Novice: 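Dumping the structure here so I can ask a few things about it.
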Amino acid sequence: MTDVPRIAVCPGSYDPITYGHLDIISRAADQFDELVVAVVNTSVRKTKPLFGIEERLAFIDEATEHLGNVRAEPFSVLVVDFARSLGARTIVKGLRAISDFEYELEMGQLNRMQAPEVDTLYLMASPQYSFLSSSGVKELATFGGDIDSLVPERVARRLQEELTR
Ligand code: ADP
């Protein structure tokens with residue numbers, strides 16, 4: 001054993017953060033010395049995020065304030081390069097229903113090919129959040145659905161401001 005801190009990166013678009021993300025973040029934070037929530041700044045996905053990078057980061061900072069070893073940072077390079085730049089050797093991903101598996105398997109293999117020294121650790125979604133996604137929450141908010149049990153209070157308020165019709 002060495003004294004080198006064990007650092008992990010938890011990447012995503014977090015547009016916006018949900019209780020499903022927070023469940024994975026807090027469980028991962030228990031397993032590492034430092035956990036960096038890495039927020040995609042420029043995405044290959046062409047769709048423009050609803051919230052700008054600063055606001056997405058601020059939502060995460062507020063929601064993880066009680067977790068002393070967690071911080072949020074933007075990134076706009078390959079995830080493995082971002083991990084390397086931090087000295088992180090682990091990428092943590094949450095797996096929901098079967099649909100996440102295929103995509104994550106492909107991404108995991110591609111990342112492994114780019115950086116064999118950075119491994120990916122998968123945590124299964126908790127049952128109550130298995131079907132929770134940022135896009136689902138945005139859809140609910142658009143039509144005035146109740147999202148209070150799905151996202152932190154400030155996020156719910158901002159979604160309602162941005163989307164309620
Ligand atoms: P989304 O798919 O909700 O837009 P992101 O692109 O921000 O989320 O995903 C970041 C990571 O969080 C991914 O590994 C994704 O599988 C995981 N994740 C998202 N929602 C949940 C959830 N409800 N439970 C567990 N993991 C989740």
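It should be emphasised that the depicted structure is a prediction, and the values quoted were computed from it without experimental measurement.
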Novice: Please find the pair of heavy atoms, one from Pro49 and one from Asp15, that lie closest to each other, and give the distance.
Specialist: CA-OD2, 3.3 Å

Novice: Is there a path from Ile147 to Phe131 through hydrophobic residues (I, L, V, M, F, W, Y) whose side chains come within less than 4.5 Å of each other?
Specialist: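 No, no single cluster joins them.
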
Novice: Treat each ILVMFWY residue as a node, draw an edge where side-chain heavy atoms are under 4.5 Å apart, and state whether Leu159 and Leu140 are in one component.
Specialist: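 Yes, it is one cluster - the side chains of Leu159 and Leu140 are joined through contacts under 4.5 Å.
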
Novice: Among the clusters formed by ILVMFWY side chains lying less than 4.5 Å apart, do Leu57 and Val92 turn up in the same one?
Specialist: no

Novice: Heavy-atom count check: over 12 atoms from other residues, nucleotides or ligands less than 6.0 Å from Gln128 CD?
Specialist: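 Counting neighbours around CD of Gln128, more than 12 heavy atoms of other residues, nucleotides or ligands fall under 6.0 Å, so yes.
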
Novice: Below 4.0 angstrom, N of the basic side chain to O of the carboxylate: do Arg84 and Glu117 qualify?
Specialist: yes

Novice: Quick check: closest heavy atoms across Val39 and Ser13, and the distance to 0.1 Å?
Specialist: CG1-O, 3.9 Å

Novice: So, taking the atom named NE2 in His21 and the one named CG in Leu132, what distance separates them when rounded to the nearest 0.5 Å?
Specialist: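 These two atoms lie 8.0 Å from each other.
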
Novice: Mark yes or no for whether Asp81, through its side chain, and Ala83, through its backbone, hold a donor-acceptor pair below 3.5 Å.
Specialist: no

Novice: Will you find, in the side chains of Asp119 and Thr90, an N or O donor that is under 3.5 Å from an N or O acceptor?
Specialist: no

Novice: What's the spacing between Ser130 OG and Ile98 CD1 if we round to 0.5 Å?
Specialist: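 Nearest 0.5 Å value for the OG-CD1 distance: 11.0 Å.
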
Novice: Locate the shortest heavy-atom distance separating Ala29 from Leu35; write the atom from each residue and the value.
Specialist: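 Residues Ala29 and Leu35, closest heavy atoms: N-CD2, 4.0 Å.
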
Novice: What's the separation between atom CD1 in Ile17 and atom CZ in Arg154, rounded to the nearest 0.5 Å?
Specialist: 11.5 Å

Novice: Check whether any side-chain N or O of Ser134 sits under 3.5 Å from a backbone N or O of Tyr14 as a donor-acceptor pair, and report yes or no.
Specialist: no

Novice: Say you draw a straight line from CD1 of Ile24 to OH of Tyr122; how long is it, rounded to the nearest 0.5 Å?
Specialist: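 Output value for this atom pair is 12.5 Å.
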
Novice: Say whether Ile60 and Tyr129 are linked into one hydrophobic cluster, either directly or through other cluster members, by side-chain heavy-atom distances under 4.5 angstrom.
Specialist: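 Yes; tracing contacts between hydrophobic side chains, which count when under 4.5 Å, links both residues.
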
Novice: What do the steps show when you test Leu123 against Lys93 for side chain to side chain contact (heavy atoms under 4.5 Å, CB included), and what is the final call?
Specialist: CA-CA 6 Å; Leu123 294 179; Lys93 306 282 332 240; over 6 Å; no

Novice: Does some side-chain heavy atom of Glu73 sit less than 4.5 Å from a side-chain heavy atom of Leu86?
Specialist: yes

Novice: Answer yes or no: are there more than 12 heavy-atom neighbours, outside Glu161 itself, under 6.0 Å from its atom CD?
Specialist: yes

Novice: Say whether, by atom type as modelled, one donor and one acceptor occur between the side chain of Asn111 and the main chain of Val80 under 3.5 angstrom.
Specialist: no

Novice: Can you name the closest pair of heavy atoms from Ser149 and Tyr19 and give their distance?
Specialist: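 Reported closest heavy-atom pair: O-CD1, 3.2 Å.
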
Novice: Evaluate the side-chain proximity of Leu163 to Lys138: yes if any heavy-atom separation is below 4.5 Å, no if none is.
Specialist: yes

Novice: Salt bridge or not between Arg158 and Glu55? Use side-chain N to carboxylate O under 4.0 Å.
Specialist: yes

Novice: Quick one: are Leu121 and Ile91 in side-chain contact, heavy atoms under 4.5 Å?
Specialist: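 Not in contact.
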
Novice: What I want to find out is whether Glu34 reaches Arg6 closely enough, with some N-O distance under 4.0 Å, to be called a salt bridge.
Specialist: no

Novice: Among all residues two or more places apart in sequence or in another chain, which pass the side chain to side chain donor-acceptor pair (under 3.5 Å) test with Asp100?
Specialist: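 Residues passing side chain to side chain donor-acceptor pair (under 3.5 Å) with Asp100: Arg96.
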
Novice: Which heavy atom of Gly87 sits nearest to which heavy atom of Ile7, and what is that distance?
Specialist: O-CD1, 4.1 Å

Novice: Taking 4.0 angstrom as the limit, do Asp30 and Arg27 come out as a salt bridge?
Specialist: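 Looking at Arg27 together with Asp30, the answer is no, because their closest N to O distance does not fall below 4.0 Å.
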
Novice: Going by ring-ring contact (aromatic ring centres under 6.0 Å, His included), name the pairs with one or both residues in residues 54-84, residues two or more places apart or in two chains.
Specialist: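 Checked against ring-ring contact (aromatic ring centres under 6.0 Å, His included) - neighbours excluded - the pairs reaching residues 54-84 are Phe51-Phe59, Phe75-Phe82.
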
Novice: Looking at every non-hydrogen atom in both residues, tell me the closest pair between Pro11 and Val79 and how far apart they are.
Specialist: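 Closest approach of Pro11 to Val79, heavy atoms only: CG-CG1, 4.0 Å.
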
Novice: If the threshold is 4.0 Å, N to carboxylate O, is there a salt bridge linking Glu54 and Arg56?
Specialist: no

Novice: Where the side chain of Asn69 meets the backbone of Phe32, is there a donor-acceptor pair that is under 3.5 Å apart?
Specialist: yes

Novice: Drop me the distance from Gln114's CD to Leu110's CG, to the nearest 0.5 angstrom.
Specialist: 7.5 Å

Novice: I need the Ile53 CD1 to Ser76 OG distance, nearest 0.5 Å.
Specialist: 8.5 Å

Novice: In terms of hydrophobic clustering (I, L, V, M, F, W, Y; side-chain heavy atoms under 4.5 Å; direct or indirect links), are Val77 and Val118 co-clustered?
Specialist: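 Yes, Val77 connects to Val118 through the hydrophobic network.
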
